[in-house]
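So you know, we letter chains A, B, ... as the sequences are listed, proteins then strands, and number each from 1.
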Number of protein chains: 2
Amino acid sequence: MTRARGITIRDVAREAGVSITAVSHALNDKGTLSTATRAHIRAVAEQMGYEADALARGLRRSPMGAVGLVLRSLDALGDYAPAGVDVFERFVGAAASQALARGLSLMLVPDLTRPPVPPLAFSLDGYIVTDPHVDDPVIARLEERGIPYVTYGRPPGRPEFTHWAAEDDRASARLVLTHLESAGARSVALVRGTDPNAWNLGHQDTYLGWCEEHGSTPRLYELPERAGVEGGAALAGRLVDEGVPDAVFCLTGRHAAGVQQGLVARGVRVPERTMVVTGSDSEHARTSRPAISALELDPVAGSAALLDILQSLIAGRPADSPRLTRARFRPRGSTRR
Amino acid sequence: MTRARGITIRDVAREAGVSITAVSHALNDKGTLSTATRAHIRAVAEQMGYEADALARGLRRSPMGAVGLVLRSLDALGDYAPAGVDVFERFVGAAASQALARGLSLMLVPDLTRPPVPPLAFSLDGYIVTDPHVDDPVIARLEERGIPYVTYGRPPGRPEFTHWAAEDDRASARLVLTHLESAGARSVALVRGTDPNAWNLGHQDTYLGWCEEHGSTPRLYELPERAGVEGGAALAGRLVDEGVPDAVFCLTGRHAAGVQQGLVARGVRVPERTMVVTGSDSEHARTSRPAISALELDPVAGSAALLDILQSLIAGRPADSPRLTRARFRPRGSTRR
DNA sequence: CTAGGAACGTAAAACGTTTTATGCAATGCT
DNA sequence: AGCATTGCATAAAACGTTTTACGTTCCTAG
């Protein structure tokens with residue numbers, strides 16, 4: 001496949017009767033050309049529909065007008081089209097809209113650390129990395145190349161790094177607990193995952209604080225993220241044995257679906273006897289019976305913040321970061337009394 | 001911003017004690033090097049972590065491993081972050097998954113015909129264009145540059161062009177009309193957008209055919225896509241004045257939400273007095289009261305088909321196209337009798 | 001003993017820009 | 001008059017590859 005070439009700087013130079021240097025300078029406001037020459041060259045270029053070739057230009061280290069997006073969580077899953085993981089799709093869509101609105105192109109890039117490395121990967125102006133790991137190799141490579149990046153979710157173990165945006169997990173935990181409280185819940189159990197990430201830890205802290213304020217005994221359960229729906233269903237047994245709380249707050253959508261399923265199977269009615277809420281909305285939460293109330297991230301606000309920070313970084317300006325976004329609470333049948 | 005450069009072919013050549021030509025040939029299986037030299041060079045390159053620079057390589061016309069995605073419909077909306085237009089977000093997400101799964105990067109590109117043209121735009125290997133217009137200038141530019149492309153939605157007025165995938169709009173319009181019919185509707189109004197794309201035109205054709213078959217008088221309304229919810233609400237006035245039909249089929253989710261809102265505000269009960277359906281599901285449709293029945297596209301199947309075709313095109317192989325995908329109908333409160 | 005190939009490498013041109021270093025008038029200053 | 005300065009424009013180098021065209025060396029057939 002040989003691409004047809006467009007009009008080159010040489011064509012414009014010939015047409016305008018000047019050197020290619022003159023054309024370059026005229027179009028980029030460099031050098032010392034007379035106003036007349038500059039105007040003339042511009043007119044000719046405009047009329048010919050000249051567009052500088054990005055590749056050639058990029059070869060000389062100028063910005064590409066494009067930023068990359070690496071979805072770390074998907075890389076980990078190993079499957080790029082996982083069923084029902086719509087957080088991913090929504091974030092991509094939102095980031096795309098936001099980038100386009102700023103006149104930037106957004107490029108979705110597969111894992112940078114596994115060959116074959118996507119050819120354009122290291123030629124982009126900057127990167128958004130979602131859910132970075134501890135000592136993330138993707139981030140290591142970006143730093144090695146001196147490519148600016150921002151992260152969605154705070155990079156674990158990097159207190160000095162501030163170029164991130166994330167959901168305000170403390171605020172959103174409050175949102176859930178307040179809702180449950182106003183629906184009459186006194187005792188609330190928390191089911192969190194086992195990954196030591198900001199998501200699990202932040203919610204847990206807030207939960208414990210809330211319990212203390214309300215003089216209620218904390219009931220904290222840990223369930224590995226990958227235990228999925230079955231894990232949740234199994235946990236329901238323990239919940240029943242140890243006394244059904246007024247509400248169960250599961251940080252993971254699949255756990256919530258499983259817990260509710262397990263409770264109902266054991267004759268515990270939802271939402272009449274106990275309520276169920278999840279911290280991350282998903283297809284599972286929406287299609288459960290009753291539908292499970294959920295926190296819904298705000299990928300639009302998140303990606304907008306990230307692009308603001310990234311643009312500052314690329315331009316070498318100080319960035320207003322970190323930035324927190326607010327989740328929305330979606331009340332559904334599982335908490336409707 | 002000056003990017004830090006990585007290891008170049010020159011570094012590898014020096015290290016391996018050969019010419020840069022040798023390195024290039026060894027790594028690209030060209031030329032006539034001995035197996036030993038080839039292996040040696042490869043080993044050195046591997047060990048040094050050499051990755052050819054995509055920009056320099058692209059300058060010599062080789063594939064970039066990246067395809068572009070132009071969302072024509074978003075260009076038409078004029079707003080790149082329209083609230084609740086989740087068809088786009090879903091399609092983008094799906095296309096991204098599919099591209100990544102094939103080892104391709106996907107680049108989201110703003111309108112190619114309005115300056116500033118995104119720098120990398122004409123350096124990509126191929127394009128997916130969604131909802132092309134009649135005589136679409138974006139497509140004209142791609143053809144001018146000889147860049148292969150596929151379209152999501154058949155390009156109107158181009159019977160000879162086959163490199164597209166689309167929802168089978170005739171089938172899905174049938175799906176909606178049949179559903180309405182079995183719910184007792186005799187007279188159905190169609191509200192379409194003003195973009196002259198296959199989506200609007202195909203549904204309109206099917207609708208007109210259906211009216212003829214059923215001896216019912218067509219009632220066709222055109223509303224600019226960007227009129228949004230307000231436009232729909234305003235249209236409801238006309239619908240009432242001209243006689244409330246048994247059902248209103250709006251191709252756009254936001255129009256549907258507006259129409260229903262406008263009807264209800266004028267005392268027309270939904271679904272008792274008239275039903276409302278939309279051709280594209282959206283947040284607006286789901287959160288309306290009652291929730292609006294909708295067609296749900298299958299962006300995963302669609303984008304998979306498109307990438308298959310595009311990869312064939314890029315490789316110069318014959319493509320298996322066009323391809324049709326099926327939409328699902330989601331009955332909700334607005335058509336439940 | 002030599003012409004004609006293989007077999008293996010490399011030099012150099014090309015890709016389309018940007019940038020650095022000059023060149024050459026014309027002008028200003030002593 | 002001679003020298004520095006300014007104003008304008010360009011030549012050439014660089015960016016990192018791929019590709020074309022050319023050299024070697026060595027073998028083999030005549």
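- In this structure, the nucleotide among D/dT10, C/dG16, C/dT17 sitting nearest to the side chain of A/Val18 is D/dT10.
- Atoms CG (B/Leu120) and C1' (C/dG16) sit 14 Å apart, rounded to a whole Å.
- Salt-bridge annotation for B/Arg317 and B/Asp308: absent, with no side-chain N of the basic residue lying under 4.0 Å from a carboxylate O of the acidic one.
- Taking only side-chain nitrogens and oxygens, B/Ser24 comes nearer than 4.0 Å to OP1 or OP2 of D/dT18.
- Looking at the side chain of A/His25, the nearest of the listed nucleotides C/dT20, C/dT18, D/dT18 is C/dT20.
- Taking atom CG on B/Leu33 and atom P on D/dT24, their separation rounds to 18 Å, with Å as the unit.
- Using a 4.0 Å heavy-atom criterion, one finds that A/Ser34 contacts the sugar-phosphate atoms exclusively.
- Electrostatic pairing of B/Glu143 and B/Arg145 does not count as a salt bridge here, judged by no charged N lying under 4.0 Å from a carboxylate O.
- Rounded to whole angstrom, the span from the CD1 atom of B/Ile20 across to the C1' atom of C/dA13 amounts to 11 Å.
- D/dT17 atom P lies 10 Å from atom CD of B/Glu51, rounded to whole Å.
- Rounding to whole angstrom units, CZ of residue A/Arg57 and P of D/dA14 are separated by 22 Å.
- Residue whose closest nucleotide on DNA chain D sits further toward the 5' end, between B/Tyr50 and A/Thr21: A/Thr21.
- Between the P atom of C/dT10 and the CZ atom of B/Arg14 lies a distance of 15 Å, rounded to the nearest Å.
- The main-chain N or O of B/Arg154 is never found under 3.5 Å from a side-chain atom of B/Thr151 such that the two would form a donor-acceptor pair.
- Distance alone, capped at 3.5 Å, places no donor-acceptor pair between the A/Asp125 side chain and the A/Val67 backbone.
- Distance, B/Arg10 CZ to C/dT10 P: 14 Å, rounded to whole Å.
- Rounded to an integer number of Å, the gap from CG of A/Leu27 to P of C/dT18 is 8 Å.
- With D/dA9, D/dT18, C/dT18 as the choices, the nucleotide that has an atom nearest any side-chain atom of A/Ile9 turns out to be C/dT18.
- In this model, the phosphate group of D/dT19 is approached by a side-chain N or O of B/Lys30 to a distance below 4.0 Å at OP1 or OP2.
- Phosphate contact (OP1/OP2 of D/dT10, side-chain N/O of A/Ser19, threshold under 4.0 Å): present.
- Across all their heavy atoms, A/Gly302 and A/Ala165 have their closest contact at O-CB, 4.3 Å.
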